[in-house]
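Step one of this worksheet: look at the structure below.
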Amino acid sequence: MISLQGKKGLVVGIANDQSIAYGCAKAFREAGAELAVTYVNAKAEQYVRPLAESLGSPIIVPCDVREAGQLEAVFSEIEQKWGKLDFLLHSIAFAPKEDLHNNLVNSSREGFAMAMDVSCHSFIRMANLARPLMKGGGCLMTVTFYGSEKVVEHYNLMGPVKAALESSVRYLAAELGPQRIRVHSLSPGPLKTRAASGLDRFDELLDRTRERTPEHMLAGIEDVGNVAAFLASDAARALTGNNEYIDAGYHILG
């Protein structure tokens with residue numbers, strides 16, 4: 001059984017109880033970790049706070065990475081209350097609807113830049129802010145998708161953005177390795193989350209994926225959580241820079 005006893009973790013990206021981030025947070029907590037949880041704004045707080053409280057989180061704070069200073073405030077709160085951080089999960093992505101639903105060739109400069117900033121560069125910023133708190137090493141995780149490496153219909157500009165995120169994972173793993181900070185991306189298959197529902201014809205993608213996986217099944221948020229908890233644990237200390245597929249084998253079929 002995976003143990004995270006005595007470890008402190010930050011979870012960014014819970015929207016509701018169907019979120020990948022929530023599935024991971026539950027697994028972290030069940031393994032013994034203490035969690036800091038963020039919510040994006042006051043509207044989201046009414047859904048996130050009860051979940052965070054059910055996990056016994058002592059730190060529940062706002063974090064919109066588009067707002068200057070909010071991300072820094074999260075890490076300042078962690079430093080003041082805990083003085084350390086052992087792992088973090090970055091599970092946020094965003095693109096303006098008009099760009100997300102348009103072909104990549106028609107994406108706007110502003111929309112592409114915003115998608116890259118929120119979905120990719122915010123993870124790099126978190127890594128930089130986490131470094132001083134991970135004095136004894138740690139683990140950084142982010143969430144990606146198969147559309148980063150193969151063309152997935154209707155995924156559009158998020159494909160190149162997630163490809164950049166996965167490349168960032170590899171570079172961060174190389175740069176932070178001497179500090180014993182490990183870096184991974186989690187690549188679930190399609191999951192019916194609020195964020196994914198913004199993709200055009202997403203239900204069709206779910207059906208196609210289920211039919212193509214070796215066991216004709218879809219992974220769930222609890223499956224992602226189990227892998228994330230393992231990676232955050234000392235049992236995974238020899239692993240870094242990996243893209244971990246949690247997609248019931250979908251990626252092996254091309």
Side-chain angles (χ1 to χ4, degrees), residues 8-29 33-82 85 87-101 110-130 133 140-145 157-158 161-162 164-165 168 185-186 188 191-199 202 221 224-225 228:
K8 314 287 190 185
L10 168 63
V11 177
V12 179
I14 296 177
N16 54 41
D17 62 359
Q18 299 302 307
S19 300
I20 291 171
Y22 181 62
C24 292
K26 280 187 67 179
F28 294 147
R29 185 62 182 142
E34 193 170 25
L35 302 176
V37 171
T38 72
Y39 53 89
V40 69
N41 53 33
K43 182 179 179 182
E45 183 180 6
Q46 62 182 311
Y47 302 102
V48 178
R49 183 171 288 278
L51 297 175
E53 289 174 347
S54 72
L55 296 169
S57 300
I59 301 174
I60 308 171
V61 289
C63 182
D64 184 340
V65 297
R66 296 170 296 180
E67 296 292 330
Q70 283 204 9
L71 187 57
E72 290 77 6
V74 172
F75 283 86
S76 177
E77 182 78 5
I78 290 171
E79 182 176 22
Q80 289 176 26
K81 288 199 173 177
W82 287 342
L85 186 67
F87 64 88
L88 73 78
L89 175 75
H90 168 280
S91 184
I92 57 174
F94 177 79
K97 187 175 181 179
E98 57 271 23
D99 289 290
L100 186 61
H101 289 182
E110 297 76 15
F112 191 93
M114 181 176 290
M116 189 68 78
D117 181 57
V118 174
S119 312
C120 178
H121 194 260
S122 64
F123 181 59
I124 299 171
R125 289 168 57 202
M126 287 184 197
N128 191 37
L129 291 165
L133 297 172
L140 311 173
M141 292 170 281
T142 187
V143 178
T144 184
F145 180 62
L157 91 167
M158 289 308 298
V161 169
K162 290 294 190 179
L165 179 63
S168 298
S185 52
L186 309 173
L191 293 168
K192 197 155 190 174
T193 63
R194 191 177 74 175
S197 66
L199 296 174
F202 185 69
I221 60 172
V224 185

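What you see is a predicted model; the values in this text were computed from it and never measured. Below, each value reflects all heavy atoms present in this structure, side chains not excepted, and no hydrogens, waters or symmetry copies.
Residues passing the side chain to side chain contact (heavy atoms under 4.5 Å, CB included) test with E98, sequence neighbours excluded: P96.
When each of V12, L88, I92 is tested with F123 by the rule side-chain contact (heavy atoms from CB on, under 4.5 Å), just one qualifies, namely L88. In summary, of the residues considered (L140, L186, T142, V224), a side-chain contact (heavy atoms from CB on, under 4.5 Å) with L89 occurs for L186 alone.
Proximity of V11 to L35: side-chain heavy atoms (C-beta onward) are separated by under 4.5 Å at one or more points. The shortest side-chain heavy-atom distance between S122 and H90 falls under the 4.5 Å cut-off. Looking only at side-chain heavy atoms (C-beta outward), Y39 and Q46 stay at 4.5 Å or farther from each other. Between V65 and F94 there is no side-chain heavy-atom pair separated by less than 4.5 Å. Using a 4.5 Å heavy-atom cutoff, the side chains of F75 and L85 are in contact. No side-chain heavy atom of C24 sits less than 4.5 Å from a side-chain heavy atom of S91.
Under the 3.5 Å distance criterion, the side-chain polar atoms of S54 are matched with a main-chain donor or acceptor of L51.
Within a 6.0 Å sphere centred on NZ of K8, heavy atoms belonging to other residues, nucleotides or ligands number more than 12.
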What verdict does the side chain to side chain contact (heavy atoms under 4.5 Å, CB included) test give for M158 and V161, after you've listed the backbone C-alpha separation in whole Å, the side-chain angles of each residue and the deciding distance to 0.1 Å? CA-CA 5 Å; M158 289 308 298; V161 169; 4.1 Å; yes

